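Inspection log for the structure reproduced underneath, given as structure tokens.
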Amino acid sequence: MTLRLSELHPGQTGHVLRLDTEGSLRQRLLDLGLVPGTAIEQIMHSPIGDPICYRVRGAMIALRQQDARNIQITI
Amino acid sequence: MNESSNVADKLLNDVRLLRQKLGSDLHDRLAGALYHRAAQVSAVGVHVTGRPAVDWDLGADKILTSRWLGFPIMIFALMAILWLTIQGANVPSGLLADFFFWLEGHLETGMKAIGSPWWLTGFLVNGVYRGLAWVISVMLPPMAIFFPIFTFLEDIGYLPRVSFNLDRLFRWCGANGKQSLTMGMGFGCNAAGVTSCRIIDSPRERLIAILTNNFMLCNGRWPTIILLATVFVAASFNPAWSGIVATATVVAVTLIGVAVTFAMSKFLSSTVLKGEPSHFFLELPPYRKPNLLRIFHRSLIDRTIYVLGRACVTAAPAGAVIWLLGNINAGDQSLMAYAISWLNPIGQFLGMDGVILLAYIVAIPANEIIVPTMIMAYMAGTRMTELDDMGELATLFHNNGWTFTTAICMMLFSLLHYPCATTTWTIYRETGSVKWTIWSNLMPLILAVVVCASVAQLSRWLN
């Protein structure tokens with residue numbers, strides 16, 4: 001099933017399908033290893049709901065929902 | 001010359017042609033290949049023998065960024081740092097001041113002995129030296145406490161969690177969550193805060209953080225706020241409560257500064273610095289054991305000594321100007337007295353007086369010397385002075401027409417006014433723009449004038 005990254009629940013893991021984003025964010029996400037097929041797990045929300053923290057290849061990264069919406073994943 | 005530029009042109013042309021041939025997804029394919037290869041290597045070389053039973057990092061994160069505890073822990077940590085800094089700096093500041101003024105006496109005697117005229121001794125010892133001594137004794141101890149604690153929190157990995165917790169509020173202002181770190185740094189020193197804005201990638205959001213850092217009370221201003229809170233606000237309450245009232249007043253002024261930062265960030269991002277909020281991308285590094293040597297080096301050498309050095313460069317001429325103002329007479333009055341009577345109407349309009357305003361003008365290089373300059377002016381002295389006894393100080397201020405409103409207006413002016421010379425210079429160096437440097441001074445000044453004039457007017461109506 002295809003989802004947006006922002007739709008993952010805490011503790012749920014998905015695999016990167018496609019990055020629908022351009023420019024500097026795309027570069028940084030790729031440099032971090034978010035290439036197609038990579039596992040990504042939702043860890044937690046910030047106290048006010050946004051941003052959200054994910055675990056990718058052992059690293060913890062925080063993304064705003066508006067940016068996570070542009071990452072397509074499969075579960 | 002021509003030949004080399006021809007070679008460069010040819011090279012650039014080749015690159016362009018190659019890029020077209022390779023397609024626009026070159027970076028994607030590169031990253032994909034690199035990670036594919038890295039995965040192959042680690043599959044052969046790295047053996048993972050099960051995860052640890054308890055994930056301490058995740059546990060700590062669930063508490064430090066939890067809905068109920070995330071914010072209380074941050075506020076508690078901030079208050080604890082400020083309390084430690086203020087309390088801890090008292091004794092060493094006093095000792096340093098005693099030492100410097102003991103040395104001043106000897107310098108004066110020594111200068112006399114080698115036959116230096118009174119004006120040269122006065123200018124160098126009571127002016128330049130005294131200004132420097134004041135800035136070092138007021139500024140060094142709190143910075144030597146604040147920066148190590150701040151660097152400690154940075155080193156163990158707590159600060160990125162603060163950005164994570166607060167980003168939503170900054171997004172609302174069109175700014176970046178990392179601004180919370182530059183604000184925290186600003187509590188130590190605004191110049192250091194402005195430099196730390198380099199961590200923000202987007203130029204627009206970095207500029208917002210730089211222009212609003214002034215609203216974070218720095219170590220040069222804490223003593224003034226604490227003094228006024230103790231002498232004027234707390235003194236009007238039952239002595240049993242005075243400690244709590246003074247602390248609450250200082251925290252209230254700090255929080256007003258935070259609120260102003262949010263409001264001005266919102267204002268800037270919806271007017272002169274309009275633009276889409278950029279992406280927020282933050283790595284939450286694993287927590288790690290603090291490395292004391294690294295903390296010591298970063299906080300004391302890179303931050304404290306660096307900031308202090310620059311403050312001294314600007315404080316020395318300020319000491320000289322203050323001495324000249326107090327010691328050059330035109331007619332039967334000192335230049336200082338003339339300046340004060342000229343500034344007095346403006347000061348009154350802002351709920352303060354000419355002395356306070358003059359102190360703020362000559363103290364542009366460093367906020368540390370504001371109170372000593374004011375005491376010198378009120379006592380019509382010829383050198384900067386400090387009164388150890390709070391009661392004496394209160395009497396001196398009351399005799400010069402101070403009211404509760406005067407204290408409130410001065411606290412607000414101190415919080416808002418304009419960045420010190422060191423910070424202004426840092427803003428110029430960081431932005432490389434004269435326009436933004438002027439803006440960074442004008443915006444807070446206009447705000448300070450509007451707020452103080454309004455408070456003064458309000459209090460006149462109420463009375």
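The structure presented is a predicted model; accordingly, all values stated were derived computationally and were not measured. Chain letters run A, B, ... following the sequence lines, proteins first and then strands; every chain starts at 1.
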Seminar exercise, completed: Residue from A:Leu30, A:Thr21, A:Ile61 scoring the most non-hydrogen pairs under 4.5 Å with chain B is A:Leu30
Problem set entry | Of B:Glu205, B:Met264, B:Arg204, the residue whose pairing with B:Ser269 passes side chain to side chain contact (heavy atoms under 4.5 Å, CB included) | B:Arg204
Exercise. Can you name the nearest heavy-atom pair linking A:Val35 to B:Tyr35, along with the distance?
Worked result: CG2-CB, 4.3 Å
For this session: Determine, stepwise, if the pair B:Asp201 / A:Arg28 fulfils salt bridge (Lys or Arg N to Asp or Glu O under 4.0 Å).
Result: CA-CA 12 Å; B:Asp201 300 316; A:Arg28 299 200 69 165; 2.8 Å; yes
Exercise. Taking the six-membered ring for Trp, are B:Phe170 and B:Phe280 ring centroids under 6.0 Å apart?
Worked result: no
Exercise. Heavy-atom distance under 4.5 Å to chain B: side chain of A:Leu19, backbone, both or neither?
Worked result: neither
Problem set entry | Residue among B:Leu211, B:Thr212, B:Val260 satisfying side chain to side chain contact (heavy atoms under 4.5 Å, CB included) with B:Ser265 | B:Thr212
Exercise. Can you tell which of A:Cys53, A:Gly58, A:Ala59 has the highest number of heavy-atom pairs within less than 4.5 Å of chain B?
Worked result: A:Cys53
What side-chain donor-acceptor pairs closer than 3.5 Å can you find for residues 56-64 of chain B, not counting sequence neighbours?
from, atom 1, to, atom 2, distance (Å)
B:Asp57, OD2, B:Tyr287, N, 3.1
B:Asp61, OD1, B:Arg161, NE, 2.7
B:Asp61, OD1, B:Tyr287, OH, 2.7
B:Asp61, OD2, B:Arg161, NH2, 3.2
B:Lys62, NZ, A:Ile43, O, 3.2

Exercise. For B:Thr65, is it the side chain, the backbone, both or neither that has a heavy atom under 4.5 Å from a heavy atom of chain A?
Worked result: both
Exercise. Of all the residues in residues 67-75 of chain A, which have a heavy atom that comes within less than 4.5 Å of a heavy atom in chain B?
Worked result: A:Asp67
Exercise. Does CZ in B:Arg294 sit with more than 12 non-hydrogen atoms of other residues, nucleotides or ligands closer than 6.0 Å?
Worked result: yes
For this session: Give the member of A:Asp31, A:Leu34, A:Leu63 that has the highest number of heavy-atom pairs under 4.5 Å with chain B.
Result: A:Asp31
Problem set entry | B:His36 atom NE2, neighbour heavy-atom count above 12 within 6.0 Å | no
